[in-house]
Amino acid sequence: MIDWQPLWLSLRLAILTTAILLLLGIPLARWLATRRRTWKAVIEAIISLPMVLPPSVLGFYLLLAFSPAAAPGRLLDHWLNIRLVFTFPGLVVASVIYSLPFMVNPLLAGFRSLPPHLREASRTLGKSDWTTLIHILLPNLRTALITGTVLCFAHTIGEFGVVMMIGGSIPGVTRVASVAIYDEVQSTHYPEANHYALALLALSFSILLLVYLINHRHNRSPL
Amino acid sequence: MNPAPRFPQASPGSPQPPAIPGFLHFQATKILHTASGKQLLDISFQLKKGSLLALYGPSGAGKTTILRILAGLTEPDTGYIKMDDELWLDTGHTSASLTIEQRRAATTRPSGAPIRSRSTMLPTQSRSIGFVFQDFALFPHMTVRQQLEFALPATADRQTIDELLEMMELQELQHRKPALLSGGQQQRTALARAIARRPALLLLDEPLSAVDDEMRFKLQDFIGKAHRFYGLTTILVSHYLPEIFRLSDEVIVLENGKTQRQGPPTRVFLEEKISSKFRTTGEIVDIRPADIVYIISILSANSIVKVIATAAERTGLHVGQKVMIASKAFNPMIMPIT
């Protein structure tokens, strides 16, 4: 009998991570797109680092940073009573850092491609930056938003190295589907590993199919 | 006889500076980076309430920059803008090109108290303006009606939308998005959107450059109608003389970032040496010899006017030239516009 808990955990992690990244990525990309400054390139490079870094390297440093022996971990533990090592919140924080470029980069490209007159026209109509963002900029960034959301969701569902490092494999807490596959293979339980693998494959394909269908429909209808 | 200047000018000998009836006081300097290198924009002017000012000049003269500074979309190096009693911009160290009278009027309240004390830059969204961009800047995801609804302040009467749709003849198109509108329809939508919030100042950045002659003529009507109906104070950037003659009651000719001439269009563009019964402007489209005279065809508004000229009168005229046609008791004369 297949244990659905790792799949459910993966799904919860992906939904939470994507939601947080949307809230974080939109203002961050908006801010990065406003004025080009040399020091902003440094921030862009830091955000994009997880794209080129082996996940185990990122996971290793996060493990060190969040451990109660290190200053950040100790501060979190002492002041907020939060422990991020081998816990689900730890997985979420690590996933947010790991998937940040997959949300910020499409949105940044989207913001930069919008004609500046759109934002300016809204301001000349007396609208605040917030109203302009919600009513003018974001509706014209639909493709970038869909791309960012799907990439983050799929990336989180599939991540292994970072969650393994920071979360380990505690059933019901940090044992997500990708880790479960690894565990089952280690124990030579190939049929069980196959169940999880097939479920992830089906889920990933369905998400991508849905996105392409939406994009096809969107591109057919005139703006 | 020259008409009286619209705004009292500083005269060195006058003991008491006249009160300036300015509604808008504008002064700004900014280094412009043009195709021909760096150039200093240094402009100051005042405008009466309800008037329509045209900014005329070659591209790169700084016309659009002036509109953008007024709208708060571009920050000048130094500048001062007062709209009615509201201070929009004050960088605190305005240029010396402002006359003493202008400076006094711009920096004191009616009570005589100074209003400039520190640097001020009112953000765009806090200025009561309407702006029609050269490319219209319509929101691609909104229908014509939605654009107007978005522009209308929450407290405003919703009936304004139907009023504007009717005035701009957009009722039939109100549920269309910009991609399905022609250039002229987009222009009318942009104009209606800019007027919806009843701005104190309407800024039009060459709004008619993307439409053909016939449409331009019609759209000028819409601009004139809206300007009068809503009692707007309007600044129009244009390089099309007939439009300026038709719409504006004040024109500033800009060259290399400086004011070349300023005044009513007839005074600015036409030499006041004839007393004519009728006058209009146009562009020469054809010059054809006929026996001992020449027949000169002039495109005025959207019709062709044929005028006979002698060989002497024909000298100095060429196809494409902008001219004034004046009639002195049934005897039309043609002369170049300076």
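Sequence lines set the chain letters: A, B, ... in the order given, protein chains first and strands last, and positions in each chain run from 1. These numbers were taken from a predicted model, which means no experiment stands behind them.
More than 12 heavy atoms of other residues, nucleotides or ligands shown are found within 6.0 angstrom of CZ on Phe222(B). Counting heavy atoms of neighbouring residues, nucleotides and ligands inside a 6.0 Å radius, atom CG of Asn81(A) does not exceed 12 of them.
Looking at residues two or more places apart in sequence or on another chain, you find a salt bridge (Lys or Arg N to Asp or Glu O under 4.0 Å) between Glu44(A) and Arg112(A). Shown here are the salt bridge (Lys or Arg N to Asp or Glu O under 4.0 Å) partners of Asp162(B), two or more places apart in sequence or in another chain: Arg145(B).
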field: Stepwise side-chain hydrogen bond (donor to acceptor under 3.5 Å, both in side chains) test for Tyr56(B) and Glu243(B)
entry: CA-CA 11 Å; Tyr56(B) 176 81; Glu243(B) 188 169 292; over 6 Å; no
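Using a 4.5 Å cut-off between heavy atoms, Arg68(B) contacts chain A through its side chain alone, with no backbone atom that close. Heavy atoms of Leu203(B) lying under 4.5 Å from chain A are absent altogether. When heavy atoms are compared at a cutoff of 4.5 Å, Thr132(A) does not approach chain B at all.
Defined by atom type and a distance below 3.5 Å, a donor-acceptor pair is present between the side-chain atoms of Thr78(B) and Thr29(B).
Residues Ile235(B) and Phe26(B) are not in side-chain contact: their nearest non-hydrogen atoms beyond the backbone lie 4.5 Å or more apart. Counting heavy atoms from C-beta outward, Val179(A) and Thr174(A) have side chains that stay 4.5 Å or more apart. Using a 4.5 Å cut-off on side-chain heavy atoms (C-beta onward), Ile146(A) and Pro106(A) make no contact.
Judged by distance alone, with hydrogens and angles left aside, the side-chain atoms of Gln147(B) form a donor-acceptor pair with the main-chain N or O of Phe139(B) at under 3.5 Å.
Contact annotation for residues 165-173 of chain B against chain A (heavy-atom separation below 4.5 Å): no residues qualify. Residues of residues 9-26 of chain A lying under 4.5 angstrom from chain B, judged on non-hydrogen atoms, do not exist.
Taken from CG in Leu247(B) to CG in Leu53(B), the straight-line distance is 12.0 Å, to the nearest 0.5 Å.
Ranking Leu138(B), Asp135(B), Leu152(B) against chain A, the residue ahead of the rest is Asp135(B), based on heavy-atom pairs under 4.5 Å.
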